[in-house]
There are 2 protein chains.
Amino acid sequence: MQNWDDLRLFLAVAREESLSGAGKVLRLDPATLGRRVARLEKTLETALFVKSPQGYALTAAGAQLLGQAEAAEQAMRQATAGLAGAQDGLTGQIRIGAPDGAANFLLPQVCGQIGAENPGLDIQIVALPRVFNLSRREADMAIAVSAPDAGRLVVQKVADYHLHLAASEAYLGTNTAIRRVSDLRHHRIVGYIPDMIFDRELDYLADLGLARVPLASNSVSVQGHMIQQGGGVGVVHDFALPFLPGVRRILTQDVHLARAFYLIRHADDRRNQRLSQFAELLAGALRREVARLEAMA
Amino acid sequence: MQNWDDLRLFLAVAREESLSGAGKVLRLDPATLGRRVARLEKTLETALFVKSPQGYALTAAGAQLLGQAEAAEQAMRQATAGLAGAQDGLTGQIRIGAPDGAANFLLPQVCGQIGAENPGLDIQIVALPRVFNLSRREADMAIAVSAPDAGRLVVQKVADYHLHLAASEAYLGTNTAIRRVSDLRHHRIVGYIPDMIFDRELDYLADLGLARVPLASNSVSVQGHMIQQGGGVGVVHDFALPFLPGVRRILTQDVHLARAFYLIRHADDRRNQRLSQFAELLAGALRREVARLEAMA
DNA sequence: CCTTTGCCTTGCCATTTTGCAAGACTAGAA
DNA sequence: TTCTAGTCTTGCAAAATGGCAAGGCAAAGG
């Protein structure tokens, strides 16, 4: 459909069963309605009405469209209706669960910005290095690196992000050069504590064939600092690099990991205006922030 | 909302987060988009975007509208998508259950007309003087005089109609004049067989204080003919009068009954394109036919 | 049989909307 | 600091859209 407004006029004509009747309702000239209905029929390549001097009667195709158009009308009505209650911005308290990468490097800026736009809103960030249990209402929504398939949850993909191997300039200067992946065997690896990996998507090192992890933490933030201090080589989120001056990506040609963040909510909250609004806001801001930081890396 | 098309543009701008980006997608000038977004914000009395030389970023209100707009988009997409399959009109067999008043005086013309528009369609009218059992699939849809509250059914009001007392010219000429309702005690009454009344809405005569029914039938068509032959006085549908020449309404000031027809379908059939299309067509045609016949009465 | 009434269509003109081009502004790079 | 590249805005001409009035057609009423 090239012009949604044509459907609005169609609806009026279908209900009044005449151009003149619809014209009175919409305060438009019958000639205008006739022309726009004609345009709609042309783009749809279907006769919607049987025209006669007695009025416009729906054809079978037109009758079908009527049903659909009424659904669309409902949607349009809802779209505008909700705005009244949201005039003064969000208020109250919202708690977000997130893996600590997002919690440390993304959410602070994002939530700060949203909080500034909505003075009445209190945002709580719960950083957790494990799968989050939304069912117990530990948080209103959660960010995850994979989409759960069980439970009554609503999942929405938020942003793609990328990871690369990295080490500090100092470390690279004082250790043997790294030219290919196999060279990593002779270096100290920084990564997750193997038996505390809570999501298959985080098991990067296994993908690289690296079993031993001499320097490990369950927190990517801690891992980042280990690498920054010259502790060794590890996988770093691109969006974390601007916060880790002195850390440089290596082997960017050979190792290039892509993951995504998902925003998860209770299915029950789907109709909650307030949370939906916040979720949209959060998702958009996160996507922008990831893009911004990755561009800086 | 005064112009639905503005929401389509809003959606593109919100997704691209810039006028110029949306302009490329929609093949519209950024200036146009800017002006129309401004118009939308004005009619909604809400700031939807934060404008900057870096682009258009959603405000909280805008983020909320985005969610709603996506629902509307879905509806618009569906509206047009379904039409492709319906190009050649309806086909197959559809069975309609109806009380015999509608079955005799309304459905023949209506179904004839729909059948003519859809050559591949076979329509069956099942006239039944009792509550219809859709659950057993005795019919695809049914017309009723009251909306059932039980069962997984979809109910849609189709048309209002009216009833009045009536008798044949011949009868009125040879019997004592009827000036008020109480005069009816001395006349032969035509009506339903009392213990076969299947719907509270049909128990007209009780409303008039008339308990005895000397001439009774379970079929309004038969009742109509009884009245036409001078058998007595009875309640007649206004839309049946054009089919009963010689029958005249009486006491129209004192007795004025209003009822309505409802179209009932299985909840399961709600998503059935073909039946939905037919139902829309039937409902519209019935409404028109009742209006036409009542205007003639 | 003619008139009236209601409807749709078509042509013409005013109005609105659109696209283009130029100006202004910000962020990031040299 | 200056320059570049990317935005958004504003002014003006062109295109489209919408309103008006006249014409045509079918049904209802005298």
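Atoms considered below: every heavy atom in the structure, side chains included; atoms not considered: hydrogens, waters and symmetry mates. Proteins come first, then strands; the chains are lettered A, B, ... in the order of their sequence lines, and each starts at number 1. All of these numbers come straight from a predicted model, not from anything done at the bench.
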Notebook entry, point to check: Parallel, tilted or perpendicular for A/Tyr161 and A/Phe239, by the 30°/60° rule?
Noted result: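 Answer is perpendicular, since the angle exceeds 60°.
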Next item on the list: Pull out every residue in residues 12-20 of chain B that has a heavy atom closer than 4.0 Å to any atom of DNA chain D, ordered by number, or say none.
Entry: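 When residues 12-20 of chain B is checked for heavy atoms under 4.0 Å from DNA chain D, the hits, listed by number, are B/Ser18, B/Leu19, B/Ser20.
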Next item on the list: Give a yes/no on whether any side-chain N or O of A/Tyr56 is located under 4.0 angstrom from OP1 or OP2 of C/dG6.
Entry: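 Looking at the OP1 and OP2 atoms of C/dG6, neither is under 4.0 Å from any side-chain N or O of A/Tyr56.
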Notebook entry, point to check: If you measure from the Lys or Arg side-chain nitrogens to the Asp or Glu carboxylate oxygens, is any gap between B/Arg15 and B/Glu70 under 4.0 Å?
Noted result: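 Here B/Arg15 pairs with B/Glu70 in a salt bridge, since their nearest N and O are under 4.0 Å apart.
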Next item on the list: Sugar-phosphate means primed atoms, P, OP1 and OP2; the rest is base. With that split, encode nucleotides 16-23 of chain C 5' to 3' as B, S or - using protein heavy atoms under 4.0 Å.
Entry: -SBBB---
Item checked: Any side-chain heavy-atom pair of A/Ser168 and A/Gln228 under 4.5 Å ->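 In short, these two side chains do not touch, never coming nearer than 4.5 Å.
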Next item on the list: Find out whether B/Leu9 and B/Leu11 are in side-chain contact, i.e. whether some heavy atom of one side chain is under 4.5 Å from a heavy atom of the other.
Entry: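 No, their side chains stay 4.5 Å or more apart.
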Next item on the list: I would like to know whether A/Leu282 and A/Leu107 meet side chain to side chain contact (heavy atoms under 4.5 Å, CB included); could you show each step before the answer?
Entry: CA-CA 9 Å; A/Leu282 183 70; A/Leu107 290 179; 4.1 Å; yes
Checklist line | With A/His164, the side chain to side chain donor-acceptor pair (under 3.5 Å) member among A/Asp254, A/Thr252, A/Asp238 | finding: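 In the set A/Asp254, A/Thr252, A/Asp238, the residue that makes a side chain to side chain donor-acceptor pair (under 3.5 Å) with A/His164 is A/Asp238.
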Note to self: Quick check on DNA chain D: between B/Gln54 and B/Arg292, whose nearest nucleotide comes earlier from the 5' end?
What the structure shows: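 The residue whose closest nucleotide sits nearer the 5' end is B/Gln54.
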Notebook entry, point to check: How would you list, by chain and number, every residue that makes a ring-ring contact (aromatic ring centres under 6.0 Å, His included) with B/Phe49, sequence neighbours excluded?
Noted result: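 Per chain and number, B/Phe49 pairs via ring-ring contact (aromatic ring centres under 6.0 Å, His included) with B/Phe10, B/Tyr56.
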Note to self: Taking ring-ring contact (aromatic ring centres under 6.0 Å, His included) as the definition, give me every residue that meets it alongside A/His162, ordered by chain and number, with sequence neighbours left out.
What the structure shows: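 Listed in chain order: A/His256.
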Next item on the list: Return the set of residues passing side-chain hydrogen bond (donor to acceptor under 3.5 Å, both in side chains) with B/Arg36 (not counting sequence neighbours), or none when no residue passes.
Entry: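 side-chain hydrogen bond (donor to acceptor under 3.5 Å, both in side chains) check on B/Arg36 returns B/Asp5, B/Asp6.
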Checklist line | Range on DNA chain D touched by chain A, heavy atoms, distance below 4.0 Å | finding: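 Listing 5' to 3', DNA chain D meets chain A from D/dT17 to D/dA27.
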Check: Donor-acceptor pair, B/Gln64 side chain versus A/Ser276 backbone, under 3.5 Å?
Finding: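 The answer is no, because no donor-acceptor pair under 3.5 Å joins these two groups.
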Notebook entry, point to check: What does B/Gly34 touch in the nucleic acid at a heavy-atom separation under 4.0 angstrom: a base, only the sugar-phosphate, or nothing?
Noted result: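 Answer is nothing: B/Gly34 stays at 4.0 Å or more from every strand.
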